[in-house]
Amino acid sequence: VGYLHDYDYEQFPEEHLAHTREPLLDAGVDEESVRAILAHGWGLCSEEKPETPLEKSLFTVDELTGLVAATARMRPGGLSDLETSSVKKKFKDKRFAAKIDRAVIQQGCELLGMELGDVIALTIEGMRQQMDALGLGPKE
């Protein structure tokens with residue numbers, strides 16, 4: 001679901017998610033996954049409200065991963081030693097990664113019933129497992 005969530009974005013950035021449902025279903029992607037993909041754009045470019053834990057998580061971390069990545073790029077250790085407090089500090093600085101919609105992240109945390117710091121910590125942990133593939137490992 002994470003790999004497919006922006007399936008149509010490159011080709012249709014102004015109509016994001018409008019060209020997603022049928023091609024993914026035709027390709028054999030299950031309805032639950034397609035619904036989660038559509039729900040990640042809730043209130044922005046989709047009317048599909050996140051209901052399941054998967055849908056709520058994808059809605060929340062879509063923006064949050066961008067903030068975590070931007071924060072990691074500023075540090076010599078990248079994601080390897082990134083702490084939640086560093087991301088929270090950047091979250092408060094509206095000029096840093098200004099295109100990241102912090103209201104969406106906060107709304108997602110509320111949907112999940114989780115504190116921002118806990119969601120950030122889980123996001124860092126998940127991204128850290130793939131930091132080299134993401135190009136966010138320590139700088140040499």
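The first residue in the sequence is number 1, and the count goes up from there. For clarity, every value in this text was computed on a predicted model and none was experimentally measured.
- Gln107 places no side-chain N or O within 3.5 Å of a backbone atom of Ala103 that could act as its donor or acceptor partner.
- Cys109 places a side-chain heavy atom less than 4.5 Å from the side chain of Thr60.
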key: Criterion side-chain contact (heavy atoms from CB on, under 4.5 Å) on Ile120 and Leu116, from CA distance to verdict   = CA-CA 6 Å; Ile120 290 171; Leu116 175 63; 3.7 Å; yes
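- Glu31 and Arg21 are joined by a salt bridge, as a carboxylate oxygen and a charged side-chain nitrogen come within less than 4.0 angstrom of each other.
- Glu55 and Ala36 make their closest contact through CG-CA, 3.5 Å (heavy atoms, listed as atom of the first residue, atom of the second, distance).
- Residues satisfying the side chain to side chain contact (heavy atoms under 4.5 Å, CB included) test with Asp132, not counting sequence neighbours, are none.
- Counting only distance, with no hydrogens or angles, the side chain of Lys139 and the backbone of Arg75 share a donor-acceptor pair below 3.5 Å.
- When all heavy atoms of Trp42 and Glu48 are compared, the closest pair comes out as CB-O, 3.2 Å.
- Judged purely by atom type and a 3.5 angstrom limit, Lys49 has no side-chain atom pairing as donor or acceptor with the backbone of Gly43.
- Summarising the geometry, atom OG1 belonging to Thr84 is positioned 8.5 Å from atom CG belonging to Leu122; distances are rounded to the nearest 0.5 Å.
- Counting non-hydrogen atoms of neighbouring residues, nucleotides and ligands closer than 6.0 angstrom, the CD atom of Gln130 reaches no more than 12 such neighbours.
- Linking ILVMFWY residues whenever their side-chain heavy atoms come closer than 4.5 Å, directly or via other members, leaves Val119 and Val104 in distinct clusters.
- Here the side chain of Ser86 pairs no donor or acceptor atom with the backbone of Leu82 at under 3.5 angstrom.
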task = Carefully, step by step, assess Asp30 and Val34 under the rule side-chain contact (heavy atoms from CB on, under 4.5 Å).
result = CA-CA 6 Å; Asp30 63 278; Val34 171; over 6 Å; no
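- Taking Thr20 as the reference, Tyr7, Asp8, Leu17, Leu24, Ile37, Leu38 meet the side chain to side chain contact (heavy atoms under 4.5 Å, CB included) condition, with sequence neighbours excluded.
- Residues Met74 and Met131 share a single hydrophobic cluster, defined by chaining ILVMFWY side chains whose heavy atoms lie under 4.5 Å apart.
- Contact detail for Met127 and Leu134: the closest heavy-atom pair is O-CD1, 3.7 Å.
- Taken to the nearest 0.5 Å, the CG atom of Asp118 stands 11.0 Å off from the CG atom of Leu112.
- You'll find the side chain of Val68 reaches within 4.5 Å of the side chain of Leu79, heavy atoms only.
- Taking OG from Ser57 and CE from Met114, the interatomic distance works out to 8.0 Å, rounded to the nearest 0.5 Å.
- Taking a 6.0 Å sphere around CD of Glu32, one finds it holds 12 or fewer heavy atoms contributed by other residues, nucleotides or ligands.
- The pair Glu63-Lys99 fails the salt-bridge criterion, with no side-chain N (NZ, NE, NH1 or NH2) lying under 4.0 Å from an Asp/Glu carboxylate O.
- Remark: Arg102 pairs with Leu67, Phe91, Lys94, Phe96, Ile100 by the side chain to side chain contact (heavy atoms under 4.5 Å, CB included) rule, at least two apart or across chains.
- Taking the six-membered ring for Trp and the full ring otherwise, His16 and His40 have centroids separated by under 6.0 Å.
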